[in-house]
Amino acid sequence: MPAPVQLDCQDGVLTVTLNRPESGNGLDFETGKALLAAVADGAADQRVRAMVLRGSGGFFCSGDDLDSLRKYADGDVAAAPASADTADAFYVRLCEEIVLAPKPVLAAVTGVAIGPGTEIACAADLRIGGPGSRIGCGLIRVGHVGIGAMLRRVVGPARATEIFLSGRLVGADEAHRIGLLDRLVPEDGQVVDEALRLAHDLAHGPTKAIALYKELRERSVEQPVLSALRMQDRFHRRSHAEVADSGEGLRALLQGRKPHFTGH
């Protein structure tokens with residue numbers, strides 16, 4: 001059987017593809033474990049300067065695999081897409097890895113992203129979709145709770161609450177309007193290509209500065225504005241001291257040329 005997660009690394013961009021289209025790229029134990037390992041390894045690999053998460057077969061990720069849920073409901077706890085040691089859901093740990101990755105992570109949202117798929121997409125730094133993209137969660141329909149963390153960060157608590165309580169899937173145009181999709185391409189077949197184009201542009205940029213920005217973003221969330229401003233200034237000074245590309249960028253600006261960034 002083909003691997004549930006496929007990897008391809010070209011020119012500094014790691015593409016991580018969920019490859020279970022027969023289940024809508026739903027997460028079972030093996031898929032969740034492999035997906036988490038792929039992103040964690042990519043985050044640590046200095047050869048990787050950007051990552052793209054995508055799904056095969058016209059789906060992004062339809063959430064937890066239904067067959068695994070049936071087994072879990074019948075008492076087979078090991079079938080759940082969660083760590084056998086800690087019981088942490090793999091998608092939760094995956095979101096943590098994406099948020100903390102010291103490089104840009106993009107989600108190519110073709111088709112549906114539901115439940116855990118929505119949280120994974122919202123953990124990404126940029127989300128690209130097409131006319132067929134639909135994002136949401138149906139947990140309320142079965143009396144379960146979710147999508148209260150990452151979705152809220154993207155669209156705000158009031159809108160996230162409405163999406164959760166309605167159990168609906170947000171269509172592409174609305175998703176783009178409310179910031180749930182950062183880019184909306186005219187055709188579904190263009191989603192992955194556009195994500196890869198953006199990822200390659202970012203991979204050739206000052207990726208260490210991007211890593212510092214992501215750290216600043218996480219540490220300044222919900223800080224009082226005065227504290228956040230002071231922290232921002234400290235991080236700006238850190239970019240001068242720690243990011244070699246910052247010197248190249250300034251020289252290029254003063255010399256009127258395009259900078260050559262190395263990611264250091």
Side-chain angles (χ1 to χ4, degrees), residues 18 23-29 31-33 35-36 39-40 43 53 55 59-66 68-69 72-73 77 79-83 85-101 105-109 111-129 133-182 214-225 228:
L18 277 167
S23 69
N25 295 322
L27 301 177
D28 60 6
F29 180 86
T31 306
K33 183 179 180 180
L35 184 59
L36 173 60
V39 172
L53 309 181
F59 304 93
F60 182 70
C61 174
S62 61
D64 290 332
D65 175 71
L66 291 181
S68 295
L69 288 177
Y72 180 82
V77 178
S83 169
D85 298 325
T86 64
D88 293 337
F90 285 132
Y91 88 87
V92 170
R93 291 173 56 187
L94 175 64
C95 287
E96 293 172 346
E97 290 287 345
I98 294 169
V99 167
L100 296 175
V105 181
L106 292 75
V109 186
V112 296
I114 302 176
T118 293
E119 291 287 88
I120 292 167
C122 287
D125 300 303
L126 292 173
R127 289 160 298 283
I128 298 87
S133 300
R134 294 177 295 152
I135 306 171
C137 180
L139 285 174
I140 189 65
R141 301 183 188 280
V142 293
H144 285 235
V145 174
I147 68 166
M150 306 312 302
L151 178 65
R152 178 185 64 84
R153 283 163 50 106
V154 173
V155 301
R159 204 178 296 271
T161 299
E162 185 278 324
I163 292 171
F164 172 73
L165 292 179
S166 69
R168 69 189 179 92
L169 295 180
V170 180
D173 288 337
E174 181 185 358
H176 188 224
R177 186 171 68 251
I178 65 177
L180 195 46
L181 290 174
D182 297 292
K214 290 183 68 170
E215 183 183 347
L216 169 63
R217 181 190 68 194
E218 296 310 308
R219 291 182 60 183
S220 63
V221 168
E222 297 182 359
Q223 288 285 327
V225 65

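As the structure is a computational prediction, the values presented were derived from the model and not from experiment. The residues of the chain are indexed from 1 along the displayed sequence.
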May I ask you to decide if Ala228's main-chain N or O and Gln223's side chain share a donor-acceptor pair within less than 3.5 Å? no
With side chains defined as the heavy atoms from C-beta onward, is the minimum distance between Ile135 and Leu181 less than 4.5 Å? yes
Got a sec, which residues hit side-chain contact (heavy atoms from CB on, under 4.5 Å) with Asp173, two or more places apart in sequence or on another chain? Leu184
Considering non-hydrogen atoms only, spot the tightest contact between Ala82 and Phe29 and give its length. O-CE1, 3.2 Å
For Cys137, all residues meeting side-chain contact (heavy atoms from CB on, under 4.5 Å), sequence neighbours excluded: Leu139, Ile147
Results of side-chain contact (heavy atoms from CB on, under 4.5 Å) for Leu66 - residues two or more places apart only: Leu69, Arg70
Using the rule given for side-chain contact (heavy atoms from CB on, under 4.5 Å), can you reason through Leu27 versus Tyr91, listing the C-alpha separation, both sets of side-chain angles and the distance that settles it, and then say yes or no? CA-CA 8 Å; Leu27 301 177; Tyr91 88 87; 4.1 Å; yes
Listed by chain and number, what are the side-chain contact (heavy atoms from CB on, under 4.5 Å) partners of Glu222, not counting sequence neighbours? Arg152
SG (Cys61) and CG (Leu35) are apart, to the nearest 0.5 Å, by 8.0 Å
What are the two closest heavy atoms between Ala121 and Val109, and how far apart are they? CB-CG2, 4.2 Å
ring-ring contact (aromatic ring centres under 6.0 Å, His included) involving Phe164 - partner list, sequence neighbours excluded: none
Mind checking what makes side-chain hydrogen bond (donor to acceptor under 3.5 Å, both in side chains) contact with Lys214, not counting sequence neighbours? Asp125
Partners of Ser220 by side-chain hydrogen bond (donor to acceptor under 3.5 Å, both in side chains), sequence neighbours excluded? none
As an exercise, state the distance from CD1 of Ile120 to CG of Leu36, rounded to the nearest 0.5 Å. 10.0 Å
Is there side-chain contact between Ser133 and Val170, with heavy atoms separated by less than 4.5 Å? no
One pair to check against side-chain contact (heavy atoms from CB on, under 4.5 Å): Val92 and Glu96. What are the steps and the verdict? CA-CA 6 Å; Val92 170; Glu96 293 172 346; 4.2 Å; yes
With sequence neighbours excluded, what pairs up with Phe59 under the ring-ring contact (aromatic ring centres under 6.0 Å, His included) test? none
If we ignore hydrogens and angles and just use 3.5 Å, is the side chain of Ser62 paired with the main-chain N or O of Ile114 as donor and acceptor? no
So Met150 and Val99, side-chain contact (heavy atoms from CB on, under 4.5 Å) or not? Walk me through it. CA-CA 10 Å; Met150 306 312 302; Val99 167; 3.7 Å; yes
Got a sec, which residues hit side-chain hydrogen bond (donor to acceptor under 3.5 Å, both in side chains) with Thr31, two or more places apart in sequence or on another chain? Asp28
Does Leu106 form a side-chain contact (heavy atoms from CB on, under 4.5 Å) with Asp182? I'd like the steps, not just the answer. CA-CA 10 Å; Leu106 292 75; Asp182 297 292; over 6 Å; no
Can you find a pair of side-chain heavy atoms, one from Leu18 and one from Leu53, that are under 4.5 Å apart? no
Taking side-chain hydrogen bond (donor to acceptor under 3.5 Å, both in side chains) as the definition, give me every residue that meets it alongside Asp65, ordered by chain and number, with sequence neighbours left out. Arg20, Ser68
Val221 and Arg153: which non-hydrogen atoms are nearest, and at how many Å? CG2-NH1, 4.4 Å
According to salt bridge (charged side-chain N to carboxylate O under 4.0 Å, His left out), does anything in residues 155-165 pair up with another residue at least two apart or in another chain? List the pairs. Glu162-Arg168
